[in-house]
Structure formats: C-alpha cells, structure tokens
J.: 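What follows is a structure written as structure tokens; I'll ask about it next.
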Amino acid sequence: MRKMRAMPIMRREKAPIVSVSEALEIARDLGENVRVVGFSLGGLLAAWVAQRHAVEQVLAISPFLGIMGLSRIVTPAFSKVLGRMPNFFVWWDPIKRENLMPAHGYPRFATHAVAETLALAGDLLTVARTQAPRSPIILASNQGECCVNNRAIRCLTSVWRHHEGALVEHRSLRGLGFSHDIIEPLRIGSNTNRSYPFLRELLQA
C-alpha cells in the first residue's frame, strides 16, 4: 500500500488527522480521482486534506474554524482554558435534550472536543500562512450561520489566496435561514431543497 506524503505540522498529529489520512489512503487505492467533502468539524478536516494532500477537489461546508462571535485574537487562549477545565457534555437544546431530532444525531457535545477542534483550526491557519494548499478547495458558508465563525472562514480563504497559484474559492450560501446544519434533510426547518442543488453545483464545477 502506498505511503502518504504529508507535510509536517507543528506538533504531534491528533487522532482525527490520522483517521482522515488513513481514509484518504484507502480512497486512493479504490479510485484514481478523489474528491473530499466535509461539514462543520468534517469541513475543518477537509480543509486539512486540501492543505496537505493532492486530491481532485475539496469542498469544506461550514468548516468549524472558530466560534461565532468569538474573536480570532482570543480564540487560542479560550481553547487552552477550555481544554484545561473539566470536560462537560452540553445539550444542543437544553429543553428537548435527548429528544432533539433527528434521532441519528448526537444531542450533546463535549467541551474538550471543542477545545481540540479550535486548536486544530489554529494549527491549520499557522501552516496556511507559509504553505499553499496542495488541492483545489471551495469553502462554502451559510450567510445565516448561527454557530461557526464565518470571519474565520474568510480569513483562511484570504491567507491561502496570498500564495501564487493557489486554487481557493469562498462561496456564501443565501436563503437558508439562521442555521448551522444546512445538509441534514431530517432536521426540523431544514432547507436542503435549496442547499443541495447549490452544493452539487460546486462539486460539479
């Protein structure tokens, strides 16, 4: 099996990065052209793929590069403090709790997972300042985003575009309402009849 040619990063790789690299290696053994699509945390990991690996195309949908309303200046300190505090599981909806739909989703998130995600996003931005992405990438954000930081998405796009020859594009989706999960068809109030055609168009471009 072929070994991956990965760019070095500043610290030991986290488990999600290792898992993504292994999945990408399997995908390359199954087909010649590989396209990577990720949403939220998966969007961040997809952006990591674009930074470090050469694939046909990457689409990062609402990538979790920061928290809405939290300045990029204080995000690194917030991430460190959150990671040192006891781990808590927070309900997405404190009223519906485990009855939150859809049933296959996870009704809570771990604070340590948020801390690790923010740290990983910071590492990505650091590498992006000195190295161009190895894959063409489109970052898609929801204009009515309610969770992730769209400014952080625009910042990463701008940093990448400073590298000559980098194939980077940012597209803002409109008319999807005040929401983060724009790809879940079973979510109450879902607007996938608008988001899916747009995302398919980006993949086929």
J.: Tell me the closest heavy-atom pair linking A46 and L59, and the distance in Å.
T.: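 Shortest heavy-atom contact: CB-O, 4.2 Å.
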J.: Would V168 and L202 show up in the same hydrophobic cluster when neighbours are defined by side-chain heavy atoms closer than 4.5 Å?
T.: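 In one cluster with V168: L202, no.
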J.: What are the two closest heavy atoms between L125 and C155, and how far apart are they?
T.: CD1-SG, 4.3 Å
J.: About how many Å separate CG of L24 and OG of S19, when rounded to the nearest 0.5 Å?
T.: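 Between S19 OG and L24 CG, I get 12.5 Å after rounding to 0.5 Å.
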J.: Go through S141 and S172 one step at a time and tell me if the side chain to side chain contact (heavy atoms under 4.5 Å, CB included) criterion holds.
T.: CA-CA 5 Å; S141 62; S172 179; 4.3 Å; yes
J.: What's the shortest heavy-atom distance between P133 and W160, and which atoms?
T.: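 Minimum heavy-atom separation between P133 and W160: CD-CD1, 3.2 Å.
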J.: Specify the closest pair of heavy atoms between T157 and I153, including all atoms of both residues, with the distance to one decimal.
T.: OG1-O, 2.9 Å
J.: Would you give the length of the straight line joining atom CG of L173 to atom CG of L199, rounded to the nearest 0.5 angstrom?
T.: 5.5 Å
J.: Indicate whether any N or O donor in one side chain lies under 3.5 Å from an N or O acceptor in the other, for N87 and T111.
T.: yes
J.: Can I61 be reached from L176 by stepping across I, L, V, M, F, W or Y side chains whose heavy atoms are under 4.5 Å apart?
T.: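 Yes, it is one cluster - the side chains of L176 and I61 are joined through contacts under 4.5 Å.
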J.: S135 and Q51: side chain to side chain contact (heavy atoms under 4.5 Å, CB included), yes or no, with the steps?
T.: CA-CA 7 Å; S135 298; Q51 178 69 61; over 6 Å; no
J.: For the backbone of L203 and the side chain of R35, can you confirm whether one donor and one acceptor N or O come within less than 3.5 Å of each other?
T.: yes
J.: Hey, are the side chains of E169 and L139 touching, using non-hydrogen atoms and a 4.5 Å cut-off?
T.: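 A side-chain contact is absent here, since even the closest heavy-atom pair is not under 4.5 Å.
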J.: Might you point out which heavy atoms bring E145 and M68 nearest each other, and give the distance in Å?
T.: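 Taking E145 first and M68 second, the nearest heavy atoms are O-SD, 3.4 Å.
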J.: Is it true that V36 and V20 fall in one hydrophobic cluster, defined by side-chain heavy atoms closer than 4.5 Å?
T.: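 V36 clusters together with V20.
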J.: State, yes or no, whether a side-chain contact exists between R171 and F198 at a heavy-atom distance under 4.5 Å.
T.: yes
J.: Are S179 and R187 linked by a side-chain donor-acceptor pair shorter than 3.5 Å?
T.: yes
J.: Any sub-3.5 Å donor-acceptor pair from N150's side-chain atoms to N142's backbone N or O?
T.: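 At least one qualifying donor-acceptor pair exists.
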J.: In a table with atom names and distances, give each donor-acceptor pair under 3.5 Å that connects a side chain of residues 89-101 to protein atoms at least two apart or in another chain.
T.:
from, atom 1, to, atom 2, distance (Å)
W92, NE1, Y106, O, 3.2
D93, OD1, I95, N, 2.9
D93, OD1, K96, N, 3.1

J.: How long is the gap from CG on L118 to CZ on R72, to the nearest 0.5 Å?
T.: 13.5 Å
J.: For F88 and H112: C-alpha separation, side-chain torsions, deciding distance, then whether side chain to side chain contact (heavy atoms under 4.5 Å, CB included) applies.
T.: CA-CA 8 Å; F88 293 99; H112 279 189; over 6 Å; no
J.: With distance as the sole test, does T126 use its side chain to make a donor-acceptor pair with the main-chain N or O of G122 at under 3.5 Å?
T.: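 Flag set: sc T126 to bb G122 pair under 3.5 Å.
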J.: When you group the ILVMFWY residues by side-chain heavy-atom contacts below 4.5 Å and let the links chain together, are L44 and V55 in the same group?
T.: yes
J.: Is the shortest heavy-atom distance from the side chain of H53 to the side chain of R28 under 4.5 Å?
T.: yes
J.: Let me have the donor-acceptor pairs involving side chains of residues 73-86, under 3.5 Å, with sequence neighbours excluded, atom names and distances please.
T.:
from, atom 1, to, atom 2, distance (Å)
T75, OG1, S71, O, 2.7
S79, OG, A115, O, 2.8

J.: Of the options N149, V114, T117, which is the one that meets I67 in a side chain to side chain contact (heavy atoms under 4.5 Å, CB included)?
T.: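 For I67, the side chain to side chain contact (heavy atoms under 4.5 Å, CB included) test succeeds with only one of N149, V114, T117, which is V114.
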J.: Only pairs at least two apart or in different chains count here, so list each ring pair (Phe, Tyr, Trp, His ring centres under 6.0 Å) that has a residue in residues 163-187.
T.: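 Residue pairs passing ring pair (Phe, Tyr, Trp, His ring centres under 6.0 Å), neighbours aside: F39-H180.
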J.: Calculate, to the nearest 0.5 Å, the distance between atoms OH and CD1 belonging to Y196 and I182 respectively.
T.: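 Result: 10.0 Å between the selected atoms.
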J.: Does the side chain of E184 pick up a donor-acceptor pair with the side chain of H104 at under 3.5 Å?
T.: yes
J.: Go through E56 and V34 one step at a time and tell me if the side chain to side chain contact (heavy atoms under 4.5 Å, CB included) criterion holds.
T.: CA-CA 5 Å; E56 189 77 10; V34 177; 5.6 Å; no
J.: Give a yes or no on whether R151 atom CZ has more than 12 heavy-atom contacts from other residues, nucleotides or ligands under 6.0 Å away.
T.: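 At most 12 heavy atoms, drawn from other residues, nucleotides or ligands, come within 6.0 Å of this atom.
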J.: Are L167 and V58 linked, directly or through intermediate hydrophobic residues, by side-chain heavy-atom contacts shorter than 4.5 Å (ILVMFWY only)?
T.: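 No, no single cluster joins them.
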J.: How far apart are the closest heavy atoms of N191 and G175, and which atoms are they?
T.: ND2-O, 2.9 Å
